[in-house]
Amino acid sequence: MPELPEVETTRRGLLPHVVGRRIRDVVVREPRLRWPVPRDLARRLGGESVRDIHRRGKYLLFEVGDGHLLVHLGMSGSLTLVPRDTPPRRHDHVDLALEGESTLRLNDPRRFGAVLWVKRPETHVLLKSLGVEPFDAAFGGELLQRLANGRRVPVKLFLMNARMVSGIGNIYANEALFAAGVHPSRPSGRLSRERWDRLAAAIRQTLERAIAAGGSTLRDFVGGDGRPGYFQNEYAVYGRAGEPCPTCGTAIRGARHAGRATFYCGACQR
DNA sequence: AGAACCACCTGGCAGC
DNA sequence: TGCTGCCAGGTGGTTC
C-alpha cells in the first residue's frame with residue numbers, strides 16, 4: 001500500500017488531531033511486526049505529549065518525550081483515529097490511547113510494518129542511509145544523474161531504491177516513468193541530463209497529484225482521517241496491461257523488474 | 001561495489 | 001463449495 005503519498009496523507013490527516021495531545025495508554029496486542037514492538041513502549045510514551053509528526057521517506061516519526069516513535073506501514077498498514085472504546089478488529093496490533101475521546105490505531109494484516117522507539121532519528125540505522133527526499137531542494141536531475149552514474153540497474157529499480165531516492169514505490173515509479181516518457185528498463189547510468197530533469201519533475205508532479213487525491217486505495221488503505229484515497233482512478237499505466245495508452249492508444253505492456261510488476265507504453269516511453 | 005534473489009506475512013482472487 | 005497457486009503498495013539480509 002503505502003508509498004510516500006499515502007504516508008504523507010496519513011501524516012496530514014493525523015496532525016490536527018494528535019499534535020499537542022497526551023498519550024494516556026499504549027496497548028500492544030501483537031508485538032510481532034517486522035521487528036518486535038519494544039516492550040517498554042508504554043513506559044516511554046505514557047503521559048507524554050505528541051509535539052509533532054514528521055515524515056522521512058515512508059517512515060512516520062512522532063516527536064514525543066525524549067525521542068521519536070517510528071512507524072512504518074509496510075505493505076498493508078494503516079494508522080487511523082478511532083473513537084475511544086472502539087472494539088479492536090482483526091490485525092489491529094497497536095493502540096495509542098490519547099487524552100480525550102480518540103485512539104490512534106495501527107492495523108497491519110501482513111505485519112511488514114514496524115513500530116519502534118528511536119532516540120535520534122538522524123543517526124538511526126533505518127533512517128541514516130535513506131536517499132534524497134523528492135521534495136527536498138537538492139532533489140533534481142543533476143543529483144539523480146550523479147547518483148546513477150556508472151550504474152546499469154534499470155531506472156525503475158533505481159527510483160525504487162530507498163538509498164537513492166526515498167518514498168517512491170512500485171506504483172509511483174511506474175507512473176512517474178510514464179509521465180516522463182522514460183522506458184523503465186533503461187540503464188539508469190545512461191540517461192541524459194535532460195531526461196533526468198524531466199524525470200525529476202515528473203516524480204514531483206506525480207507525487208503531488210497523488211497527495212492531493214489523498215493517496216491510492218487499492219485494497220483498504222485509509223488516511224489518518226479514515227478516508228480512502230482516490231489516486232488509483234488516475235493511474236495512466238499501473239495495473240492497466242492491455243488497455244490503451246492514454247496518450248497514443250498503444251496497448252500498455254506488462255513486464256517484471258526484480259519480481260515487481262511493471263507497466264509502460266512501448267511507444268511513448270523510450 | 002553492484003545486482004539478483006529470498007524472506008518475512010495475510011488475504012483476495014482466478015482457475016480447476 | 002473448496003482447494004491450490006499466484007499475486008499484492010516494502011525492504012533488510014544473503015549470495016554471487
Side-chain angles (χ1 to χ4, degrees), chain A residues 1-11 29-37 55-60 70-79 89-94 106-116 124-131 146-177 184-190 203 206-207 210-211 213-223 228-235 237-242 254-263:
Chain A
M1 161 209 327
E3 302 182 34
L4 187 154
E6 291 74 36
V7 178
E8 182 62 20
T9 294
T10 299
R11 189 183 79 86
R29 292 183 200 84
E30 174 57 86
R32 295 174 304 165
L33 303 185
R34 169 126 206 205
W35 298 282
V37 177
R55 180 188 59 73
R56 178 76 176 94
K58 299 170 192 168
Y59 292 91
L60 283 170
L70 177 149
V71 177
H72 194 287
L73 300 175
M75 288 277 268
S76 59
S78 58
L79 199 54
R89 301 169 59 176
R90 199 159 154 75
H91 309 304
D92 281 344
H93 304 315
V94 178
L106 175 74
N107 182 281
D108 185 6
R110 292 177 73 179
R111 290 195 273 121
F112 288 174
V115 173
L116 295 170
H124 191 270
V125 62
L126 291 176
L127 303 173
K128 69 180 179 193
S129 57
L130 283 181
R146 186 149 39 87
L147 290 171
N149 185 35
R151 293 174 186 272
R152 277 169 300 180
V153 71
V155 61
K156 186 195 174 211
L157 294 178
F158 176 86
L159 295 181
M160 291 174 67
N161 182 347
R163 307 176 90 87
M164 300 295 147
V165 183
S166 57
I168 302 177
N170 198 33
I171 292 175
Y172 299 105
N174 278 298
E175 291 296 314
L177 285 164
S185 299
R186 183 167 284 271
S188 46
R190 301 227 188 106
I203 288 166
T206 301
L207 296 175
I211 292 168
S216 300
T217 296
L218 289 190
R219 210 155 272 114
D220 54 5
F221 171 76
V222 286
Y230 296 96
F231 194 70
Q232 69 280 4
N233 300 316
E234 297 182 41
Y235 293 161
V237 291
Y238 184 81
R240 293 188 179 277
R256 295 193 88 76
H257 289 95
R260 314 296 299 277
T262 298
F263 305 93

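Basis for what follows: all heavy atoms, side chains included, without hydrogens, waters or symmetry-related copies. Chain letters run A, B, ... following the sequence lines, proteins first and then strands; every chain starts at 1. Remember, it's a predicted structure, so these values are computed and weren't measured experimentally.
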Of all the nucleotides listed ([options]), which has the minimum atom distance to the side chain of [X]?
| X | options | value |
| --- | --- | --- |
| A:R110 | B:dA3, B:dT10, C:dT11 | B:dT10 |
| A:H91 | C:dG10, B:dT10, B:dA3 | B:dT10 |
| A:R151 | C:dT11, C:dA8, B:dA3 | B:dA3 |

A quick test of your reading: do over 12 heavy atoms of other residues, nucleotides or ligands sit less than 6.0 Å from CZ of A:R29? yes
Quiz item: A:R152 side-chain donor-acceptor pair to B:dA3 base, under 3.5 Å: no
So, does the side chain of A:R111 form a donor-acceptor pair with the base of B:dC9 at under 3.5 Å? no
Take the protein atom [atom1] of [X] and the nucleotide atom [atom2] of [N], then report the distance between them rounded to whole Å.
| X | N | atom1 | atom2 | result |
| --- | --- | --- | --- | --- |
| A:M160 | C:dG12 | CE | C1' | 15 Å |
| A:F158 | B:dA3 | CZ | P | 10 Å |
| A:H72 | C:dT11 | NE2 | P | 4 Å |
| A:D108 | C:dG10 | CG | P | 13 Å |
| A:R260 | C:dG10 | CZ | P | 5 Å |
| A:N161 | B:dA3 | CG | P | 9 Å |
| A:N170 | C:dG10 | CG | C1' | 10 Å |
| A:H93 | B:dC9 | NE2 | C1' | 9 Å |

Describe the nucleic acid contact of A:Y238 in one word from base, sugar-phosphate, nothing, applying a heavy-atom distance below 4.0 Å. sugar-phosphate
Base, sugar-phosphate, or nothing: which does A:Y59 touch, judged by heavy atoms less than 4.0 Å apart? sugar-phosphate
For residues A:Y59 and A:S166, is any side-chain donor paired with an opposing acceptor at under 3.5 Å? no
With no hydrogens and no angle check, just 3.5 Å: does a side-chain donor-acceptor pair link A:T262 and A:R256? no
Would you say [X] places a side-chain N or O within less than 4.0 Å of OP1 or OP2 belonging to [N]?
| X | N | result |
| --- | --- | --- |
| A:R256 | C:dA8 | yes |
| A:R90 | B:dT10 | no |
| A:R34 | B:dA7 | no |

Which value, in whole Å, describes the distance between the P atoms of nucleotides C:dT11 and B:dA1? 23 Å
Using the P atom in both, what is the distance from C:dC6 to B:dC6, to the nearest Å? 14 Å
Per side-chain hydrogen bond (donor to acceptor under 3.5 Å, both in side chains), A:N170 is matched among A:K156, A:H257, A:R260 by A:K156
Does A:N174 reach the main-chain N or O of A:F263 with its side chain, forming a donor-acceptor pair under 3.5 Å? yes
Under 3.5 Å donor-acceptor, A:T217 side chain and A:G229 backbone: yes
Counting Watson-Crick and G-U wobble pairs only, both distances under 3.5 Å, name the nucleotide matched with B:dC9, or none. none
Using heavy-atom distances to pick each residue's nearest nucleotide on DNA chain B, tell me which of A:G150 and A:F112 is more 5'. A:G150
